[in-house]
Amino acid sequence: MSTDSDTTTDADARQQLIDLAAEFYDQFAEGDVPRMQIPTRTKSNIEYDEDKHVWVYGDRTSTRSAKTVSGAQKLLKATYTIDFLAEQLDQDRSSTLRELYYLSESWDLDEAQFSSQDESNSLIEDLEIVSAVKREDFHMRPEESGATIMGPLEIREQTRRGEREIHCQEDVGEGGYQIPNNPDTIEFLANDAEFVLCVETGGMRDRLVENGFDEEYDAIVVHLKGQPARATRRITKRLHDGLDLPVTVFTDGDPWSYRIYGSVAYGSIKSAHLSEYLATPQAQYIGIQPEDIVEYDLPTDPLGDSDVNALESELDDPRFQTDYWEEQIELQLDIGKKSEQQSLASYGLDFVTETYLPERLDEMGVL
Amino acid sequence: MTSYQSQLGEGEGIAQELAESQRSISIAEFFEKNKHMLGFDSEARALVTAVKEAVDNSLDACEEAGILPDIYVEIQEAGDYYRLIVEDNGPGITKEQIPKVFGKLLYGSRFHVREQNRGQQGIGISAAVLYSQLTSGKPAKITSRTKGGVEAEYFELIVDTDTNEPEIDVEETTTWDRPHGTRIELEMEGNMRARGQLHDYVRQTAVVNPHARIELREPDAHIKSERATDQLPEETEEIRPHPHGVELGTLIKMLEATDSYSVSGFLQGEFTRVGATTAENVIDNFRDRHFGREMAWRPPKAHEDADVEAALTDAVANKGADATAAFARRVADALDDSERVAHHEFVAIVDDAADDIEAEYDRSFGSTVRDNAVAAGWGRITGRDSADGGADDEGVDRLRSDLYALADEATSTRKDDATIDGLADRLAAKFDGADDERHRFTREHLREFVRRSAEATEEYDDATFGETARENVLEALWEVAVRVPDDPPKVRTIAAERDTASDLLEAMRETDIIAPPTDCLAPITADLIEEGLRKEFDADFYAASTRDASVHGGDPFIVEAGLAYGGELESESGADVLRFANRVPLVYQRGACATTDVVKQINWRNYNLDQPGGSGIPTDAAVVMVHVASTNVPFTSESKDAVANVPELESEIELAIREAARELKSYLKKRRSMQQRREKQDKLATILPEMAEKLSEVTGRDRLNIDDSLARIMNNVLVERERDGESVRLVVENNADTAAEIELTDIVSGGEPTLENGDASVVEMDGEWFVKWSVSVASGDEATLEYGVDGEASFEVSVDGVEDEKLTVDA
């Protein structure tokens, strides 16, 4: 799969899908059992790609085979979806994942319909992997995630209604520039940025913007909105690769937030086939670190059972098997506490922008 | 008390008054008042019971005579009454017997016989006669013709309830179209409310008597059940009672009646399964109980103070020094050779030695000498007399050390020495002080010794000596004690002494004796049960089992079970439980029957049947039948409606049902997996063609044939035809996990095939050629049948040996 999406034309994408269907066809024609082999998508089957510095799927595969009723049903759905996508590409239309789910209701065969959106989402991921075409190139998009950018950056976006040139501080309101579903339609024109700051929560993003952090430190503030959507991760990677900006990630100090950092930096388990395209291995973690909880004596909540389980599971997660993370996670298990980004407000509203972030960024060598 | 009695005595006496109204009642009178005990408790039931008694008699009579039964039952409305007619083709009854069979209660041939029969007491049919005369006032009309009889006998009779003798109204000869058989006609009050039970009875009788033809005609229905087999039930043998099955009263009666003189002869002559060895075993146990055993002691060794040799030398007088010394020496040597010696054994040693010495020294050792020697020697052995004359503690010491070793061995190591010592000391005193110098005691007597010693030990030595320890010590003593050689009492003596008879009974019971022979039983056999069920129930599955014979109380019994499942059986009211005893259906008191209890206790879910709550009658469409055959089926009451809850019987019933149910389980499992396979096939048969069609559409290629893929997916056996000009190839591909034994027939028309496979064969029939081929294909393998035929030929292939669900034919 190429990192440069421009080479995958609609015709290519369509052909890839048809080829996949042809494979099933041939299996039938030979009296064979139709099947589809895809990498097992669990954390035990991801491995570090030394060359590309991202986590990708390992060698273990699972097979969707028509030998079982459920396997046959999956293949049937795949065939119907291929048909639908090929049609969509033909007509140069696009649809959302949710639309695909509802659209399946209109298929005449009950067995081909999706029973939940999770099912249709994961089928699209299967097809991405097997056909080596990104879903964006199938013209499938997710719901808008609503993630935004604010910072000294000028871009040109190729919209359906023509080109737009936008400065991400001057041409936007306080909400910032909304990242489109396919960020590859964006071209970077100019920037004065020093680094990229990805922020987990809306509250903290708003605090940074209100305090003028982006202006003062020439930071591009990317709002992740929780677990970042593909588009958010993609644009973050492009900001790093294309503009050569250091990327930092600022989240809450709990296990779920470390996973947010993990998917920005190393790629997510579900989309490890796209890690090369989405992950920014050079991304650095600012905090809140468990160490910070101790050092800054931040207000805390106790770790719940699910937190502890999540931390322990992270210790098993190959993505987190570095000295740094092992030390931090073990420290957190030790103190049994977690803190939110906003807990920094206990030292005043400006503490985060005037003290914490400058100190941390300095330590990390970003400033 | 006395004053009251004297008051009673005054004024003519109430006792005399009472005596006037006290008189014996006839058996017939008794049953007149207790109709319910015989199943005549309601009008509805009376009719069913009467039919049952008559039919049971007919079936028994036919079987005894080796005739395939042909029974006709008719119920007519006759004014206020019902008329019941039962006809059979049995051997008939002689003129002399007819009145007694039908007109006298408790008259029968089977009460005293240990043999499997439907009727036993001889009450049934005469009770029906009694009931009919009591309700309608009409006599029973009986026609019977014996085989070869010129004319039939005709009787009209009633039971004289005062005397329990038949009262004959009419006695004449008549003509009858049956060559032999019996017909009874009864008029009685009744109603047909128990029609269900009546039909059940007839139907179920047909199930367990597949060799019988039974027809029932009643005002509203006509049931006819043809015979399913010409095989008569095995003839049964009468057997003598089994030693485990008699009670004391019976035993005493047998003892009184026997011609035998000795116990051994009695046991071998009167009981089944008792030969000389078994009789001897029983008698040994009897000896133990009756005489007890003699305690055996370690004889003192030469160096010990209790010098037997010296005592003997002293005891023998006037026999010369040499002979006396040799005699004493010999006895002492014999003692040295024996580990332990009991009194009678010592007597034998002394006798042997005396005999030898008599021969060697030509001196006579008479009984007085011998008795003296025994007394002296035994006194030393048991320590009663010590070397220096009178009895003293030393004797007790001897026994005590012996007993100490025994008790120490028998009890747990946790008992300290002092406790054991105390017990041994007290036990020794008991033996020493016993009246019987031979130390001959029954087990009970020894138990008493141990108990008293243990209690004293507990009391004075502040030790614990519990039940288990006491039993262990007793066991050790009993083990060491020696059975006495005395002859058992004679039969006459035993018969006269209740306690002795009781000892004998106990001895019989504790002796292992092989189970009674089972040729006195006639099980239906599993095959015929299945036939019977098949005949009467339209189900999908049948299974049956016959257990080996077991014994309860000396009566052998066999339990058989049958199961029918699915098909046209009704599931609304849950499974039907059919109960049979000696081939007779039990249609009443279902809830009181051991059979029903067992069926309810079984966890039917294990056998893939529905059973809400995991107990109770399964709710599936099923029939569970249980047949108990025995020389004496234990019923809960005289009306013989329910089998009593006897543990041995219940356990056999359960095993029989489980045996049959196991087959049902594997059938249901297979059926379920076939159903799943069918469902899967159905599902895939919709999904995959749609997928194939879509694939053709998307790729823009030709339509697909997906049969081969389907066969492979279903792990099916795939039969494919390949044709190339004049050569035909049938390829059998086995995608299943197990080998397939296939019989393949290709019907070729329009040209004669020429075979290339040596193992196939061709048969021509009306211009069609049947190419037959049997082949075994291993899992994952292929086999090919090849032959040549004209281009014009057409084919039709059929495949046997594989279930349809597992077969895909593409030829």
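This one's a predicted model, so the numbers in the text were calculated from it and none came from an experiment. In the text below, chain A, chain B and the rest are named by the order of the sequence lines, each starting its count at 1.
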Point-to-point distance, once rounded to the nearest 0.5 Å, from OG1 of B:Thr686 to CG of A:Leu109
7.0 Å

Where does A:Ala86 contact chain B at under 4.5 Å (heavy atoms): side chain, backbone, both or neither?
neither

Over all heavy atoms of both residues, which pair between A:Pro34 and B:Ile713 is shortest? Give the atoms and the distance, please.
CD-CD1, 4.5 Å

For B:Lys772, is the NZ atom crowded, meaning more than 12 foreign heavy atoms sit under 6.0 Å from it?
no

Quick check for you: to the nearest 0.5 Å, what is the distance between A:Glu30 atom CD and B:Leu704 atom CG?
11.0 Å

Among A:Ile82, A:Leu17, A:Ile18, A:Asp19, which has the most heavy-atom pairs under 4.5 Å with chain B?
A:Ile18

Is chain A contacted by the side chain of B:Asp702, its backbone, both, or neither, given a heavy-atom distance below 4.5 Å?
both

I need the B:Lys694 NZ to A:Phe84 CZ distance, nearest 0.5 Å.
11.5 Å

Contact class of B:Glu679 relative to chain A, heavy atoms under 4.5 angstrom:
neither

Looking only at heavy atoms, which two atoms of B:Ser709 and A:Gly31 are closest? And how far apart?
OG-C, 3.3 Å

Counting heavy-atom pairs under 4.5 Å to chain B, which of A:Ser65, A:Ala66, A:Ala72, A:Ala29 comes out on top?
A:Ala66

Is there a side-chain contact between A:Phe28 and B:Leu688, using heavy atoms and a 4.5 Å cut-off?
yes

To the nearest 0.5 Å, what is the distance between CD (A:Glu111) and NZ (B:Lys683)?
4.5 Å

Closest non-hydrogen atom pair, A:Ala21 against B:Val698
CB-CG1, 3.9 Å

Let me confirm one number: the CD-CG distance from B:Glu697 to A:Asp83, rounded to the nearest 0.5 Å.
5.0 Å

Is there a side-chain contact between B:Arg701 and A:Asp26, using heavy atoms and a 4.5 Å cut-off?
yes

Under 4.5 Å to a heavy atom of chain B? For A:Glu87 that would be neither

Just wondering, are more than 12 heavy atoms of other shown residues or ligands nearer than 6.0 Å to CD in B:Glu722?
yes

Does atom CG (A:Asp316) have a neighbourhood of more than 12 heavy atoms from anything else shown, all under 6.0 Å?
yes

A:Val69 versus B:Leu684, closest heavy-atom pair with distance:
CA-CD2, 4.1 Å

